[in-house]
Asker: 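I have a structure I would like to understand better, so I am pasting it below and will then ask my questions one at a time.
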Amino acid sequence: MNTPVGVLLSGSGTNLQALLDAAAEGTSFRIAVVISNRRDAHGLERARQAGVPAVWIPHRGKEREAHEAELVAALREHGAEWVALAGYMRLLKTTLLAAFPQRVLNIHPALLPSFPGTHGQRQAFEYGVRIAGCTLHFVDHGTDTGPIIAQGAVPVLPDDDEDALKARILGLEHELYPRVLRWAVEGRLRIDGRRVHVDLPEGEEAFVWAR
Ligand code: GRF
């Protein structure tokens with residue numbers, strides 16, 4: 001049984017691609033719909049290529065609640081039971097989180113709680129950290145503040161520029177997101193305050209270290 005998941009994005013959609021590839025290879029989820037607030041998001045094209053419904057729901061000129069209600073309607077129409085944010089550049093504040101309680105995941109390109117918000121990789125690079133990474137977390141009303149599920153770490157190497165670091169982190173994102181989404185739909189995640197307990201499958205971990 002493959003659980004239907006809705007993906008929200010605003011950009012290129014390489015994380016969506018990792019999820020689509022995992023679904024094509026066979027996993028516990030399938031991507032039921034991809035929604036973007038930007039008509040030109042390349043992620044919508046990736047969805048179409050994979051035969052997945054791609055929906056543009058612009059936010060401009062709308063109250064936040066009205067826009068989120070449209071998102072919820074589209075997610076429901078396509079039967080989504082979980083929501084995966086993959087580079088979705090709008091905060092969710094109202095209707096959507098209420099409609100999918102503890103069922104919205106996000107990926108952030110930094111080791112939270114450091115460097116939340118936009119350009120996490122740039123913030124980490126400019127700050128001069130030696131270890132950077134990405135975080136999979138539940139979405140709450142804050143900016144990248146929800147309970148952490150899994151993290152991946154990479155070194156910041158002496159010759160790195162921001163783009164090199166970004167690419168190294170992105171590789172890790174593509175590895176971790178399909179894994180964590182599978183755990184989610186398989187009911188392996190339990191939120192306990194700020195902590196998330198993961199009923200880990202044999203041989204899997206909630207962290208990755210990549211050089
Ligand atoms: C990634 O860096 C992700 O961590 C962040 O937005 C970016 C999306 O990239 N939330 P892509 O569109 O999946 O390539």
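These numbers were taken from a predicted model, which means no experiment stands behind them. In each ligand, atom 1 is the first atom listed, and ligand 1 is the first ligand listed. Numbers here are sequence positions counted from 1.
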Asker: Between F115 and R122, is there a cation-pi geometry (under 6.0 Å to ring centre, at most 45° from the normal)?
Answerer: no
Asker: Below 4.0 Å from ligand 1: does a non-hydrogen atom of I107 turn up there or not?
Answerer: yes
Asker: Tell me whether G13 reaches ligand 1 (any heavy atom closer than 4.0 angstrom to a ligand atom).
Answerer: yes
Asker: Quick one: CZ on R60 to CG on N37, what's the gap to the nearest 0.5 Å?
Answerer: 9.0 Å
Asker: Could you tell me which atoms of ligand 1, counted from 1 in the order shown, lie closer than 4.0 angstrom to a heavy atom of T14?
Answerer: 11 (P), 12 (O), 13 (O), 14 (O)
Asker: At a 4.0 Å threshold, what atoms of ligand 1 neighbour a non-hydrogen atom of G87?
Answerer: 6 (O), 8 (C), 10 (N)
Asker: Would you mind checking which non-hydrogen protein atom is closest to atom 9 (O) of ligand 1, with the distance to 0.1 Å?
Answerer: N15 ND2, 3.9 Å
Asker: Checking side-chain contact (heavy atoms from CB on, under 4.5 Å) for the pair R90/R64: CA distance, chi angles, key distance, verdict?
Answerer: CA-CA 10 Å; R90 305 264 312 155; R64 189 182 292 276; 4.1 Å; yes
Asker: Could you check atom 1 (C) of ligand 1 against the protein and tell me its nearest heavy-atom contact, residue, atom and distance included?
Answerer: E173 OE1, 3.2 Å
Asker: Decide yes or no on salt bridge (charged side-chain N to carboxylate O under 4.0 Å, His left out) for R188 and E204, but give the supporting numbers first.
Answerer: CA-CA 12 Å; R188 295 179 179 275; E204 295 187 11; over 6 Å; no
Asker: Does any N or O atom in N106 lie less than 3.5 angstrom from one in ligand 1, N or O only?
Answerer: no
Asker: Which distance, rounded to the nearest 0.5 Å, do you find between the CG of L8 and the OG of S36?
Answerer: 8.5 Å
Asker: Atoms of ligand 1 less than 4.0 Å from Q121 heavy atoms?
Answerer: 2 (O)
Asker: Enter the distance from H174:NE2 to C134:SG here, rounded to the nearest 0.5 Å.
Answerer: 9.5 Å
